[in-house]
There are 2 protein chains.
Amino acid sequence: MSKKVIVHEKSDMCKGQLRSVHDTLDLLSGKWKISIISSLSFSGKRRFMELQREVEGIGAKMLSKELKELEINELVIRTVYDTKPVTVEYALTPYGKTLQAVIHEMSKWGSLHRKRIIKQSNDKSKAA
Amino acid sequence: MSKKVIVHEKSDMCKGQLRSVHDTLDLLSGKWKISIISSLSFSGKRRFMELQREVEGIGAKMLSKELKELEINELVIRTVYDTKPVTVEYALTPYGKTLQAVIHEMSKWGSLHRKRIIKQSNDKSKAA
DNA sequence: GAAACCGCTTTCTTTTTGGAAACTACTTTC
DNA sequence: GAAAGTAGTTTCCAAAAAGAAAGCGGTTTC
């Protein structure tokens, strides 16, 4: 019996990890959420237009929609300042900041990946 | 001038990190890729049908498509064994394994997130 | 030789996503 | 009072992603 139990536990562990990844993916779904969180993570806080400029290619509609979803999930906080032309600032909540480890690993990996791709294209041009 | 240059460098760093995250996202785009990589990461290797069972909800078409893209990007390797009913195994390449840090952070975060959600719903039912 | 299993591919349809442009509402600047 | 800037929302449309279901080519099993 012990063997069967061990196998069963391993399978459960695997399923549990898979479920955890899936849970994370659920909150970060959509083309832009991770980029928005990254932007806020790297810069601290941003206004609507700043985000739109920084997250390349995003339109106002999508930015607005994604920010709302991030707010609902308590990853981002929206603050309105009653200034001359109204100012709105977005920032990561403390909970949102707990995602920074994920973002950081993605940033690290992307940087290595870029180096690899560049190296590959260099190797190709040398061979030619 | 020194101040301006520093600001400029910071902005460049931020852009670089954003670009790195974007590069990573590019390779992992699609609803299923991260789940597939996770499954292979946690289990070592899997056959087509095993993957389809393990990645909940995925259909054969999507699984096939996503696996092809992962193969093209050299994250996954496909091995065909010439057995009675043909056997095909998928596994992470050494390069694909470099993504495990990202996956691991996602798994960790998802696990914490689930605890938070459960705690919240407990608190609610207590309050009621 | 019919059924069943593996590893897909193809077709067809639905859903989701995303973008462009116009519009709101309010304020400052010229 | 016209233009321009902030922070969006709304509408309308196109493209992309995804799903369901059927089919295919091969083999083993009964």
Side-chain angles (χ1 to χ4, degrees), chain A residues 18 21-22 24-40 43-73 75-93, chain B residues 18 21-22 24-40 43-73 75-93:
Chain A
L18 233 37
V21 172
H22 188 265
T24 304
L25 257 23
D26 258 5
L27 259 84
L28 302 181
S29 68
K31 197 174 170 181
W32 307 103
K33 287 202 189 69
I34 296 180
S35 292
I36 292 169
I37 294 173
S38 299
S39 180
L40 294 177
S43 67
K45 37 178 71 180
R46 295 264 104 140
R47 294 168 60 181
F48 190 86
M49 287 310 212
E50 288 173 337
L51 274 175
Q52 206 184 334
R53 276 177 222 121
E54 196 154 279
V55 179
E56 245 194 64
I58 198 170
K61 185 182 104 179
M62 281 300 122
L63 181 54
S64 171
K65 199 195 103 197
E66 301 278 63
L67 284 169
K68 262 178 214 162
E69 292 176 14
L70 291 171
E71 239 196 296
I72 288 169
N73 287 313
L75 299 174
V76 161
I77 189 165
R78 178 178 185 269
T79 316
V80 181
Y81 297 100
D82 198 8
T83 49
K84 321 89 192 263
V86 69
T87 306
V88 183
E89 260 183 6
Y90 295 91
L92 293 184
T93 61
Chain B
L18 234 37
V21 172
H22 189 266
T24 304
L25 257 23
D26 257 5
L27 259 84
L28 302 181
S29 67
K31 196 176 172 181
W32 306 104
K33 288 203 188 68
I34 296 179
S35 292
I36 292 169
I37 293 173
S38 299
S39 180
L40 294 177
S43 68
K45 38 179 71 178
R46 294 264 107 138
R47 293 167 60 181
F48 190 87
M49 287 311 212
E50 288 174 337
L51 274 175
Q52 207 182 334
R53 276 177 222 121
E54 198 154 278
V55 180
E56 246 193 64
I58 197 171
K61 185 183 104 178
M62 279 300 123
L63 181 53
S64 171
K65 199 196 102 194
E66 301 277 63
L67 284 170
K68 261 178 216 163
E69 292 176 13
L70 291 171
E71 240 195 295
I72 288 169
N73 287 312
L75 299 173
V76 161
I77 189 165
R78 178 179 184 265
T79 316
V80 182
Y81 296 99
D82 198 6
T83 49
K84 322 86 194 270
V86 71
T87 306
V88 182
E89 260 183 9
Y90 295 90
L92 293 183
T93 60

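Each chain gets a letter, A, B and so on, in the order the sequences are listed, and its residues count up from 1. Please read all numbers here as calculations on a predicted model, not as lab measurements.
The nearest whole Å value for the distance from the CE atom in B:M62 to the P atom in C:dC8 is 15 Å. Per the geometry, OH belonging to B:Y81 stands 15 Å off C1' belonging to C:dG7, to the nearest Å. We find that CG of B:D82 is positioned 19 Å from P of D:dG25, with the value rounded to whole Å. For the pair B:K65 NZ and D:dA16 P, the interatomic distance rounds to 12 Å; values are reported in whole Å. As rounded to whole Å, 11 Å separates atom P of D:dA18 from atom CD1 of B:I36.
Toward the 5′ end of DNA chain C lies the nearest nucleotide of B:K68, the other residue of the pair A:V86 and B:K68 mapping further downstream.
Among the protein residues, B:Y90 comes within range of the sugar-phosphate backbone only, with heavy atoms under 4.0 Å from sugar or phosphate atoms but none that close to a base. Contact annotation for B:K61: base contact, defined as any heavy-atom pair under 4.0 Å involving a base atom.
Here D:dG19 is the nucleotide among C:dG7, D:dG19, D:dG8 with the atom lying nearest to any side-chain atom of B:W32. Closest to the side chain of B:V88, from the set D:dT6, C:dG7, D:dA18, is C:dG7.
Within a 6.0 Å radius of CG in A:L25, more than 12 heavy atoms belonging to other residues, nucleotides or ligands are found. Annotation for B:I77: atom CD1 does not count as buried by contact number, only 12 or fewer foreign heavy atoms lying within 6.0 Å.
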